[in-house]
Amino acid sequence: MVCLSSEGTVVAIVRDTICTGPKRQSIINLAPSKSIATIFAEVGADFHYQPDSFELLIQNNKTGDTIVLNLHKDKTLGEVGVVFDQAVRNTLVISTLKNSKTMSLVVNDNNDDDLLLGASASPTTGELPSSSTDPPPALMSIDYPCMVEFRPPRESFNYVGLVNQAMTCYLNSLLQALYMTPEFRNALYNWEFDGQGEAKSIPFQLQKLFLNLQTSTKSAVETTELTRSFGWDLSEAWQQHDIQELCRVMFDALEQKFKDTQQANLINDLYEGKMLDYVKCLECGTEKSREDTFLDIPLPVRPFGSSVAYNSVEEALRAFVQPETLDGNNQYFCEKCNKKCDAHKGLKFIKFPYLLTLHLKRFDFDYTTMHRIKLNDKVVFPEVLNLNSFIPTATCLLENETIEDRETNVKCDDCSTTDSGSALDDESCQCNDISSTVNGPDDTTFPDDDEGIDVSSGNHHENEKNRRQEPKGPYIYELFSIMIHSGSASGGHYYAYIKDFDKNQWFCFNDQTVSRITEDDIRKTYGGGPVRGYYSGAYSSSTNAYMLMYRQINKQRNCNAMVVEQFPPHIKNLLQQMKEKEENERAAKERENDMFKLKVYCFHPTQNQLLDIKLFVFAEATLSEAVSEAHNRFKLDGIAVEDCRLVIYNKLQDCIDCSFESDELKFCDISSKINIYHNDWLLEIKQPGMDFQIYKPGGVNMKVFLINLEAEEVEGPTNFHVNADETVVDVKARLAKILNMDAATIKLVQETYSNEPHYLEDDDMQMKIDPNCNGYKLYVSNSLDEDPDKPFCISKLNKVIDRFVHIVSIDIVLPDTDIGTLESLSIPPLDLNQNLDKIELASGDRLNLRTSPQPSAGITCEGFGDQSNSEDSSLSDSDRTLVGDAPGDCIGMLSSSSNSPADQHMASPSDPAEDTYNHEVFGNPSEEMNWDDDHSADVPQPRSPNYYFKATVLSNINNSDMFNDVDYTKYCRVHVDKRMNIAKLKKNLEPIVGVPVEYFKVYRQYPHEIELNRLTDTLGSTKDGDRLIIKLGRVLRKDEFAGKVYHLTPENSELFTFLFEWITAKGQTVGQVKKDILHAAKKQHMLDIAYNKSRLRLKNWKNPCKIYLDEQKFGDDIPISNNWEMFLQDLGEGEKVTNTNQLCLFVKRWCPSTLTLTPFHEVVLNTPTIDELKKKLSEESGIPKEFVEVAYQKGTFPCDMNVLDIHNELEWNPNVNLLESWPLQVYQDGSVFLYRDSRERLKEITSEEKKEINQRENARLGKFTSKSYSPRRERALKIYLDTSPNKSEESCGD
């Protein structure tokens, strides 16, 4: 909190970290002119300190800068650079005065690598903690060298992160904690690898990883080599495990690998403690015990069965050693007393390890919900932990005693009868002097100031006295690592707060990022927080400490981590090898970066298709070297390398964009002019003895069309490249050579993207092109007109071009129209004899597209997919070109949506082979049909203009990516005038498809299939290269509607099956439609159903509804629309429903004595009442009417439910009579009712039988209980010493 007043005076906070005075916080007025000596006097008087007995720092909370005021007592605040600004908050920090002769100014260094965590325990960026004390009361401190200096950010903050492979945050956190433990790191460095099985050696890979963490210049390094030594594959990276479990399993693996070496006892020496598992008779005092060892202490967060957590780690430790009283039925048999006696059973510590690991058991199991839960309760832990009181003899030991002597004093064997008691039996053993963090409220509270944390005990004077007196005893520990879990019991994220012993500072290691933290960040890891709702978990914060690591304060054993100069010789050699390997990899990567990755295409002359390869070439490589490599890769046997070259290729337009003047050009020189990565390449092949054409950069590709004025035909298009500096005469000369024409008579007309043709009359004029535009067309002819004096604007050539402007080339996929397919769909084949007067077969009108094996020939045919040649290259003998006039009087049609022939089962009553066609309804199919027009047949219709149409049918496609997703047998390429409508297009396609126009539909694929069912629409939006797909299926006439027919089988497990699509028309009777459907069902599905024992009924979703009577008519009595759905039902007997006022219900009988249901049967009611229903059911079942009970089942047919719920869950005998009344509201056929005999008793079943029936019913209904649900099957954590995941017996743990 800072209050800026007049003349720059501010109010600042003063914080006391020594905590021996009467208060811990206060305020002071600061001004730029105020001397620092005055500040020392005021602060000393306020906190009862001598002005020269403490160290005073001032912190800028905005920038993090800290200034030690002890060095500047003769100056003012303004002279030492204190910032006085309303946005800046200055804080004064009192700390213990060091005897050091050096002090410095420390600048907080937040860089781009620092992590900004979103969790509640994430580090607070931009804040620097206060100065350290000796011993330090804070969890983060600062050392001060002699002179005031600003250090570079990375000098004091040079840590390397670990890359998270996928879900290996738990591994990264543990590895960083082990690396930051000097004793463990030094011992690992002293271990020498024997050179056998490098990839499988866990200690060796751990050595390499630690060396990378210590010496690498990267911000983060990989752990993949270490995990491979664990025997893990890539799938293990996606498995998250418990960090404490990993610690135990890794230590087991290291112990196995360290056998017969100097480090054989490394884990035990550092992490192993000892305890006694004892039973003590309360009558005679005899105690029996067994010594156990431990590597970590698991501390429950809550007592068993309690909802209140322990307040602190110390309290949890006391509860851990609290003995259990064996009494009552659980008495202990004492051999000395020779009877059962009350006894204490518990644990006692006899030796704590050098490195103490405390595991807070935050994961528990909720027996109410039967789910794993995470306990987010607040558990406080101290920075300095005094455990001497847990070992009574420890307080009596002399300082010169060895650890072995201490063990001797407390060690007991299994037969010991020493009455030592538990650690809590005597008052002298109580933990009164444990450094705790359970604090009361501050003496002075500043609501806006929440920085820092009090890590001392509630009794400030007593704790300071303990610090000054340095309490005796070996087991005093300092905190150096906090493993944090953020998330829930089902998953989350691990990271670690770790203290650097050398710098006495705390950092957050979160995978690949390392950042500073404040004391407030550590306080947040205690857990707890505001209480949330019941369904949200206990507390708002799910980020808390999970595992703590302490190091014993022991001057003889405490050490610093090795620096590079102190490395053993074998580690120095290993480091040198790693650097050399890294340098080699860097050089190789540079060479790889120096290589160009080319995608090279080639029109393979023998395979007759466009192939492509990936080619890697060095920057210094020449084009000729790349050509030789590509020649070998494409296996161009029989073709000389000299006849090949590499050119820039435009795959989209299937043409060459640029060639090169020399094959000795290097790619590094080419890359300075052309972006190699953004261009495709083509291995161009020329004919032997011919020269390559020159393609200069900046040119454009034009589509060339050859016009035959006599036949008024246009051939093409083919691709042609025009260079930027070419004149008209140059282009004519090249075209004359390619097209075998006379250059003197060639007439050129250029058309731009604006569809404006320009006659190129001046031969010396330079070609007008824009490299940024496409869509150029070039028309070539031998003359302008039969009359040589006519100008171009009124010439025949201009008229042909004007007509051709509207012509597009489209590709049409044709369906399979073999006899079997047509018969299965009841589609008649086309009678070509009826179309001879309308179809003109003209072989001379074939599109004579020239075949050019390579673009280098100057003109390339229009590519189709990945084809290298024109359509002619794949024409078979059956291929034909069809040219036809548009049929007259084309009228609109309606169409239904149907599937492709492969998956459609469209049936139609118009099969000429069967006598089922209704001529009264449909008319004669050979007659001309005015499906959409209201014009009378007597009114002559105006004849539509004839539009250009030419098609080439191809039955062989060598390689076409365009049709990979379509089931086809052939396709055709059509040149058609865009002004033609869909009806005329279909009529022209009729002889190609092979069926009448009313039996196929046209779809456009962009990007999804859309049916072109508005036949009066034109092809105006169609572009060159668009694709149309033809599908079989009869087109709807006027008053016809398409729908689907299903077979209803309520007695089967599959209630209904789809039969086929069907077309009905207004005016048809149900009987007529049923007759046709029965015939088609017999023909297509082998269903032999009698006409008088079947019915049609409405299908509404999955429910069988309204029953159709045979005499009813569609459109008049039954409303009908497109996409209707109908059931065909086999009754097995005559129809019971005779009029539309009757109500037909599905009923089942419920037999409670056997817990079974009878099959469905129908009941027809003349009046929709409960009495009528009971009367009918009584007549059918023989149950007296007064004992018949009914229940209405709601839901989707067949309204299944668990048989265990039927008897009691349904509303039996509703208190209404009319079925239409609430709550029944039954209005239509197909509703489901159950009935039972009220005299029949419910079967009594055991719990096991109920469970079995329930499981069977859930399986039948497709339901699953919560007990069978498992969100994620956890994989056991294993480290394989032989790297074989299949040999679990070799693993160190699971």
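These numbers were taken from a predicted model, which means no experiment stands behind them.
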Decide side-chain contact (heavy atoms from CB on, under 4.5 Å) for Met549 and Leu355; before the verdict, give the C-alpha distance in whole Å, the side-chain angles of both, and the deciding distance to 0.1 Å. CA-CA 7 Å; Met549 287 187 175; Leu355 297 174; over 6 Å; no

Check this for me: Lys579, atom NZ, are more than 12 non-hydrogen atoms of other residues, nucleotides or ligands nearer than 6.0 Å?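 No, not enclosed.
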
CD (Gln566) with more than 12 external heavy atoms under 6.0 Å: yes

Minimal non-hydrogen separation, [X] against [Y], with atom names:
{"X": "Gln240", "Y": "Cys169", "value": "NE2-SG, 3.5 Å"}
{"X": "Met483", "Y": "Ile243", "value": "SD-CD1, 3.8 Å"}
{"X": "Lys200", "Y": "Lys257", "value": "O-NZ, 3.9 Å"}
{"X": "Val379", "Y": "Tyr310", "value": "CG2-O, 3.7 Å"}
{"X": "Ala253", "Y": "Leu1281", "value": "CB-CD2, 4.0 Å"}
{"X": "Gln207", "Y": "Leu188", "value": "NE2-O, 2.7 Å"}

Quick check on the 6.0 Å ring-centre criterion: do [X] and [Y] meet it?
{"X": "Tyr1280", "Y": "Phe230", "value": "no"}
{"X": "Phe480", "Y": "Tyr550", "value": "no"}
{"X": "Phe509", "Y": "Tyr495", "value": "no"}

Who pairs with [X] by salt bridge (charged side-chain N to carboxylate O under 4.0 Å, His left out), at least two apart in sequence or on another chain?
{"X": "Glu192", "answer": "none"}
{"X": "Glu580", "answer": "none"}
{"X": "Lys345", "answer": "Asp277"}
{"X": "Lys581", "answer": "Glu225"}

Return the CD1 to CG distance between Ile476 and Leu385, rounded to the nearest 0.5 Å.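 These two atoms lie 9.5 Å from each other.
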
Between CG of Leu178 and CZ of Phe184, what distance do you get to the nearest 0.5 Å? 5.0 Å

Residues that Thr223 engages under side chain to side chain donor-acceptor pair (under 3.5 Å), provided they are two or more places apart: Gln165

With sequence neighbours left out, write down each residue that passes side chain to side chain donor-acceptor pair (under 3.5 Å) with Glu583, or none if nothing qualifies.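 With sequence neighbours excluded, Glu583 shows a side chain to side chain donor-acceptor pair (under 3.5 Å) to Arg586, given in chain and number order.
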
Once salt bridge (charged side-chain N to carboxylate O under 4.0 Å, His left out) is applied, what residue pairs with a partner in residues 488-497 remain, sequence neighbours excluded? none

Just grab all the salt bridge (charged side-chain N to carboxylate O under 4.0 Å, His left out) pairs involving residues 180-189, residues at least two apart or on different chains. Glu183-Arg551

Any side-chain donor near an acceptor of the partner, Gln552 and Arg557, under 3.5 Å: no

Regarding Asp296 and Tyr271, is there a side-chain donor-to-acceptor distance under 3.5 Å anywhere? no

Just to verify, what does [X] make a ring pair (Phe, Tyr, Trp, His ring centres under 6.0 Å) with, not counting sequence neighbours?
{"X": "Tyr189", "result": "Phe567"}
{"X": "Tyr179", "result": "Phe210"}
{"X": "Phe352", "result": "Phe349, Tyr475"}
{"X": "Tyr546", "result": "His359, Phe363"}

side-chain contact (heavy atoms from CB on, under 4.5 Å) assessment of Val163 paired with Val221: CA-CA 6 Å; Val163 177; Val221 294; over 6 Å; no

Side chain proximity check, His344 to Leu326, heavy atoms < 4.5 angstrom: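 They are not in side-chain contact.
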
